[in-house]
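A, B, ... follow the sequence lines: proteins, then strands. Residue 1 opens every chain.
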Protein chains: 2
Amino acid sequence: MTGPEPKEKAKVWATLAEEARRRIRDREWAPGTTIPNEATLAQEWGVSRVTVSRALGKLAEEGLLDRRRRAGTRVVERPQRAASFEVGLIRDEVERTGRRYGYEMIEAGEHQVPEHVRDRLGITTQPRVMRILARHLSGGEPFAWEERWINGGTVPEALDVDWRHQSPNEWLLHNVAYTWADVSLTAALSGPRSSRALGCEEGSALLMLERTTWLGKWSVTHVAYCYAPGHRMWSRS
Amino acid sequence: MTGPEPKEKAKVWATLAEEARRRIRDREWAPGTTIPNEATLAQEWGVSRVTVSRALGKLAEEGLLDRRRRAGTRVVERPQRAASFEVGLIRDEVERTGRRYGYEMIEAGEHQVPEHVRDRLGITTQPRVMRILARHLSGGEPFAWEERWINGGTVPEALDVDWRHQSPNEWLLHNVAYTWADVSLTAALSGPRSSRALGCEEGSALLMLERTTWLGKWSVTHVAYCYAPGHRMWSRS
DNA sequence: TAGTGGTCTAGACCACCAG
DNA sequence: TGGTGGTCTAGACCACTAT
C-alpha cells in the first residue's frame, strides 16, 4: 500500500456507470447508436440485470442515454445537461464558507400589507400581519437583507415574539413544522433601506430570493432575501 | 367506471412513500422518534424489504427521515427542504411557455478579450477569440440578451461561422459535444447595449446566468445571458 | 407478436455503529 | 457483538412499442 485508502465504497452500479460514461466519451458507443441490451451487459460485466439497469438508469437521468422499452437504449446525439441550483438556509450558506454567521433585527412590528405581498399570501380578509426587517452577516460583513411578512391569521403566536435575538426563519422552523413552500429567484434594485443595511449604493443590482410558505392551504409567511451585490450562486455537480 | 383512467402507474414504492409521508404529517410517526425497521414495515405492508428501502430512501433524500445503520430510521425534528432551480436551454425555456422562440444576432466578430472573460476561460496565451452579441425573443418580445465568447484556440472552426441565422448554443451543441460546464447565477445592471436589446431602461436589475464550457481541460466558450427585467425562476417540485 | 426496459420479490451478505 | 440499513443476485412478471 502506498497510502491510506480514502474511504472506498465502490458501489458496483456506480463503477459500471462510470465505465459506460467512458465508452460514450471515447465513442465506443457512438452517438445515436443502440447499445447492447441489459441482459448482454449483465453477462459481459458479470453482474445481475438489475445492477446494469441502475447504472444505465443513472446515465439516462443525466441525459446521456435514452432508454425505451422494446426500442432499447440509445446514446443521445447531443447531450444537454440542465444546471441545478440549490438554496437552503442563509445560516447554512454562510457557515459552509467557514465564516461566522450573524443576525441583526432592524425593525419589527405589525404593518399594513402592501398589494404584492397580499397576493403572495393569498389574503382576502384583514388579518393582523407582522413585518420584520433584518439583515444577515457573514464574518461581520453584510450578507443578505430580509423583509419578512408573517400571517397572524395563521400563526397568531408570531404577533408576540421578540425578534431581536431570533431570526424569523429559526422561530418558524421550531414552531411551524411540516409546511411546504414555493420559492422564486429574480433580480431587484436596492432601495434606501436595503442599501443602507447592505452597505451598498442605492440602485445596485441584487439577487433576490422569495419564499412563500404554506401550512395546508393557509399561508404562513412571505419573505424576500436580497443578497449583497456581487453574490453568486453556483450550480452543483 | 366513472371516467377515463388518467394514466395510472402506481409504483409500489411511491405509494408507500406517500403513506409514510402521511404518517409523518399526521404525527403517527412523531418528530425525533424511531420508526419501525424495514423488515417490520415490509411485513406490515406485504412487500419486500427492498421496496420499503426505496420508499424510505426517497423520504430520506427529501430530508424527512434520517437513516443510519444499527441506529434505525428517525423522523427528523425540523425538516428543511432545499429549493432547487433548474436551468436548461433558452429555447426550451421559451417554448415550454407555449410562445414562439426567436433569435437575433446583433453583432459578431473577433474581439479583444476583457480581463474577466480571460479569467473565466483560463486563457494564458493570445488565441483568436470570437465575440457574439445576440438576443432571444419570446413571442416577439425580448427575452434575454446574450454576450458570448468562443475560444478559437479550442474551436478554430467557430471563427468562420455565420452567426446571423444560428445561435451559438445550437452551433456548439452540434459541433462540440460531450463537454462539461460550470454555471452561476447573479444579478447585474443593464448597460447601454443590453438595455437597448431588451427594451428596458439603463440601470435595470437583470438576472444574469453565466456558463463556461470545457472540453477536457480546454475552455470552449463563456456566455452571459441577461434575462429581461422582472424575469423570475421558480423552484421545481 | 416478440423483445426490451421497469419493477417487484426472496434471499443473501456486508458495513456500520450503538450497546 | 448483534441489529440495522445498504447493496447485490436470480428469477419473475409486466408495460410498452417496433416490427
Side-chain angles (χ1 to χ4, degrees), chain A residues 1 4-21 23-24 29-30 32-77 79, chain B residues 1 4-21 23-24 29-30 32-77 79:
Chain A
M1 246 187 267
E5 309 200 316
K7 199 91 164 177
E8 287 284 329
K9 303 207 74 170
K11 290 179 207 170
V12 177
W13 68 263
T15 308
L16 299 181
E18 192 44 55
E19 166 64 10
R21 258 184 230 104
R23 293 191 184 184
I24 292 170
W29 289 345
T33 60
T34 301
I35 73 172
N37 68 27
E38 292 188 346
T40 307
L41 288 172
Q43 190 168 15
E44 181 193 334
W45 284 332
V47 299
S48 76
R49 192 169 73 84
V50 178
T51 304
V52 174
S53 186
R54 264 206 222 179
L56 300 186
K58 184 77 166 74
L59 267 64
E61 204 175 277
E62 289 174 9
L64 285 173
L65 294 177
D66 180 27
R67 319 191 72 202
R68 269 178 304 175
R69 288 168 171 163
R70 169 70 194 186
T73 300
R74 289 172 155 271
V75 181
V76 304
E77 298 272 3
Chain B
M1 248 187 268
E5 309 201 314
K7 199 92 167 178
E8 286 284 328
K9 305 205 73 169
K11 289 178 207 171
V12 177
W13 68 263
T15 309
L16 299 181
E18 192 44 54
E19 166 64 9
R21 258 184 230 104
R23 293 190 184 186
I24 293 170
W29 288 346
T33 60
T34 300
I35 73 172
N37 68 27
E38 292 188 346
T40 307
L41 288 172
Q43 190 168 15
E44 181 193 333
W45 284 332
V47 299
S48 76
R49 192 169 72 85
V50 178
T51 305
V52 174
S53 185
R54 264 205 222 180
L56 300 186
K58 184 77 166 76
L59 267 63
E61 204 175 277
E62 290 175 7
L64 285 173
L65 294 177
D66 179 27
R67 320 190 71 201
R68 269 177 304 175
R69 286 167 171 162
R70 167 71 194 182
T73 300
R74 289 172 155 271
V75 181
V76 304
E77 298 272 2

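We find the OG1-CD distance between A:T15 and A:E18 to be 8.5 Å, quoted to the nearest 0.5 Å. In this structure, CH2 in A:W29 is found 7.5 Å from CG in A:L65, a value given to the nearest 0.5 Å. Interatomic distance, CG of B:L41 versus CG of B:L16, reported as 9.0 Å (0.5 Å rounding).
Phosphate proximity of D:dG11 to A:S48: absent, as no side-chain N or O sits under 4.0 Å from OP1 or OP2. Regarding contacts with the backbone of D:dT9, a side-chain N or O of A:T51 is found under 4.0 angstrom from either OP1 or OP2. A close approach under 4.0 Å does not occur between any side-chain nitrogen or oxygen of B:W13 and OP1 or OP2 of C:dT7. Contact check, B:R54 against C:dC8: a side-chain N or O comes under 4.0 Å of OP1 or OP2. The phosphate of D:dT7 has neither OP1 nor OP2 within less than 4.0 Å of any side-chain N or O from B:S53. OP1 or OP2 of C:dG6 sits under 4.0 Å from a side-chain N or O of A:R67.
The interatomic distance linking B:R68 (CZ) with C:dA18 (P) rounds to 6 Å, in whole Å. The CH2 atom of B:W45 sits 16 Å away from the P atom of C:dA10 (whole-angstrom rounding). Computed from coordinates, the A:E61 CD to C:dG6 C1' distance equals 14 Å when rounded to whole Å. One can place CD of A:E38 at 17 Å from P of D:dA12, the figure rounded to the nearest angstrom. With rounding to whole Å, B:R69 atom CZ is found 5 Å from D:dG6 atom C1'. Between B:L16 atom CG and C:dC8 atom P the separation is 9 Å, expressed in whole Å. Following rounding to the nearest Å, B:K11 (NZ) and D:dC14 (C1') show an atom-to-atom distance of 14 Å. Across the protein-nucleic acid pair, A:R70 atom CZ and C:dT1 atom P stand 13 Å apart, rounded to whole Å.
B:V47 comes within 4.0 angstrom of sugar-phosphate atoms only, judged by non-hydrogen atoms across all strands, and of no base. The residue A:R49 sits close to a base: some heavy atom pair falls under 4.0 Å.
Nearest-nucleotide mapping onto DNA chain D: of B:V50 and B:A71, the residue sitting toward the 5' end is B:A71.
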**Message:** Pair B:R54, B:K58 - check side-chain contact (heavy atoms from CB on, under 4.5 Å), show working.
**Reply:** CA-CA 6 Å; B:R54 264 205 222 180; B:K58 184 77 166 76; over 6 Å; no
**Request:** Check the pair B:L56, B:I35 against side-chain contact (heavy atoms from CB on, under 4.5 Å), reporting the backbone distance first and the verdict last.
**Result:** CA-CA 10 Å; B:L56 300 186; B:I35 73 172; 4.1 Å; yes
